[in-house]
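Side chains are part of it too, since the values below use all heavy atoms of this structure and drop only hydrogens, waters and symmetry mates. Here is the naming used below: chain letters follow the sequence lines, and residue numbers restart at 1 for every chain.
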2 protein chains.
Amino acid sequence: MTLEAQSQTAGTWPVAFRPYQTNQHQSALSVYRANSEIFGQGEPSGALYRVEFGCVRIGRVTADGRRQLCGFSFAGEVFGWESDEEHRFFAEAVGETGVRVLRPGRDAEASQKLLSLVLTSMRRIQEHLLALGGTKVDERFADFLCEMAERQGDDCLVRLPMPRSDIGDYLGVSFETVSRILRRLKERGIIRIPDTHSVQILDYESLLEISRRKLS
Amino acid sequence: MTLEAQSQTAGTWPVAFRPYQTNQHQSALSVYRANSEIFGQGEPSGALYRVEFGCVRIGRVTADGRRQLCGFSFAGEVFGWESDEEHRFFAEAVGETGVRVLRPGRDAEASQKLLSLVLTSMRRIQEHLLALGGTKVDERFADFLCEMAERQGDDCLVRLPMPRSDIGDYLGVSFETVSRILRRLKERGIIRIPDTHSVQILDYESLLEISRRKLS
DNA sequence: CGGAGGTTTGAAGACATTCAAGCCTAGTGG
DNA sequence: CCACTAGGCTTGAATGTCTTCAAACCTCCG
């Protein structure tokens, strides 16, 4: 599928996967095929990236070979922050994904914008951390699903473009357990699973209840 | 104990708990007694805080009353970031703790500094997230201990001013389990426990090995 | 049609939580 | 100065949950 073809079919995509409209200082669009690396652990950092369409997973591989994902980025979102000279995480395309390199200015206004972007990013990580702190795995998954619903702007149908193993590595849970959680939620009548990569939320309230998203 | 007395005894404190030397734009020093609230969930945000001495725990209480700590701040460290108008987390003094309010400027230089501070903070949260993603609780604790050793600048003796329940809530683990982990590590000859709030690291390498801190 | 990769499901075992009891220590009041 | 108390810490036993290993399924693609 060429880049042109992508653009033409854009209108039929769910919100979160639609090519992102930009207005200025465009650098070239890079299209990565499924499961290809955007940057790797240990590579020099510096640039920021914005997802134009598709989905990116960000994570780390530990010394013993296990993987921990610390986030997904969808169309319109920015990733690649590092406080270090080297990337401490890898970034890979989940499915076919378009990415643009950003070159932020160094003036006060640009710094402000950057700061705001980082804070948003940090907020997401903090919420993820909260979820991982929960003892029950259903909590973690419920939280994940709510987050995805929010980000995709649709309380009913959520698209999960990533494989179960990605969700597992994101939630710190085996992929078999992800599968079992889905079954449990389905049997409780909280979700429906039209196909492997879609979840229909039937009872958003219960989902919120299961997650730890509510404050005291 | 008055503020003056604090300063006089400063020299005998471990590095991380020593009053922090500052140079400019001092606002008044607030001293909080043990377990008192610095700010609460839902309160209006805006200010930044720097710890002068002592230790602050930052976390959230969920709707069902459970608690998740997402970080500790020690002398010299800054906390209170929010992407929102309201504090989404609470901050409490662990022991007696001195805190100063910061009023960052809005110029480019200040923004740069701020950005760098936020990135440091984010990095810490990311590492914490990595730790929570691990399945084994010994991993989580080993990671915590390594982090504390790094931040206190001492590979041998680590001070843990917070109670076991704080460590548990930080690691997403029951406080009884924290106690058991400590025993296991002691029995394996990796640590010694001179007193309840100190841990002596006998085998830092093993600790690193147990944690997920090493990259692939 | 056949194969490969991802997904679901089952059974056994490992691990953490929970509940309950005892311990230790610092702080209090006699 | 010492006994006493309260809170935090440790330890044990039972229960429940998640992981691991294994096998079967399903679906997309060659």
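- Shown here are the salt bridge (charged side-chain N to carboxylate O under 4.0 Å, His left out) partners of Arg180(A), two or more places apart in sequence or in another chain: there are none.
- For Glu147(B), the side-chain contact (heavy atoms from CB on, under 4.5 Å) test picks out Arg124(B), Arg151(B), Tyr170(B), Arg213(B), with sequence neighbours left out.
- Looking at Asp64(A) and Arg66(A), a side-chain N of the basic residue comes within less than 4.0 Å of a carboxylate O on the acidic one, giving a salt bridge.
- Every residue meeting the side-chain contact (heavy atoms from CB on, under 4.5 Å) condition with Lys186(B), not counting sequence neighbours, appears here in chain and number order: Ile191(B), Ile193(B).
- For the pair Ile181(A) CD1 and dT9(C) P, the computed distance is 14 Å after rounding to whole Å.
- As rounded to whole Å, 12 Å separates atom C1' of dC24(C) from atom NE2 of His197(B).
- Along DNA chain D, the stretch of nucleotides lying under 4.0 Å from any heavy atom of chain A spans, 5' to 3', dC18(D) to dC21(D).
- Counting only residues at least two apart or in different chains, salt bridge (charged side-chain N to carboxylate O under 4.0 Å, His left out) contacts with residues 126-135 of chain A comprise Glu127(A)-Arg60(B), Glu127(A)-Arg88(B).
- In terms of the side-chain contact (heavy atoms from CB on, under 4.5 Å) criterion, residue partners of Asn35(B) (sequence neighbours excluded) are, by chain and number, Arg57(B).
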Footprint string (nucleotides 14-19 of chain C, 5' to 3'): B base within contact, S backbone only, - free, heavy atoms under 4.0 Å: --SBBB
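- What separates CG of Leu182(A) from P of dG6(C) is a distance of 17 Å, to the nearest Å.
- The salt bridge (charged side-chain N to carboxylate O under 4.0 Å, His left out) search around Arg164(A) returns none, not counting sequence neighbours.
- Phe39(B) meets the ring-ring contact (aromatic ring centres under 6.0 Å, His included) test with Tyr49(B), His87(B); sequence neighbours excluded.
- As a whole-Å value, the separation of Ile193(B) CD1 from dC24(C) P is 15 Å.
- By the side-chain contact (heavy atoms from CB on, under 4.5 Å) test, Ser206(A) pairs with Ile190(A), Asp203(A), sequence neighbours left out.
- Residues from residues 57-67 of chain A that place a heavy atom under 4.0 Å from any atom of DNA chain D: there are none.
- For residues 30-46 of chain B, no pair satisfies salt bridge (charged side-chain N to carboxylate O under 4.0 Å, His left out), with sequence neighbours left out.
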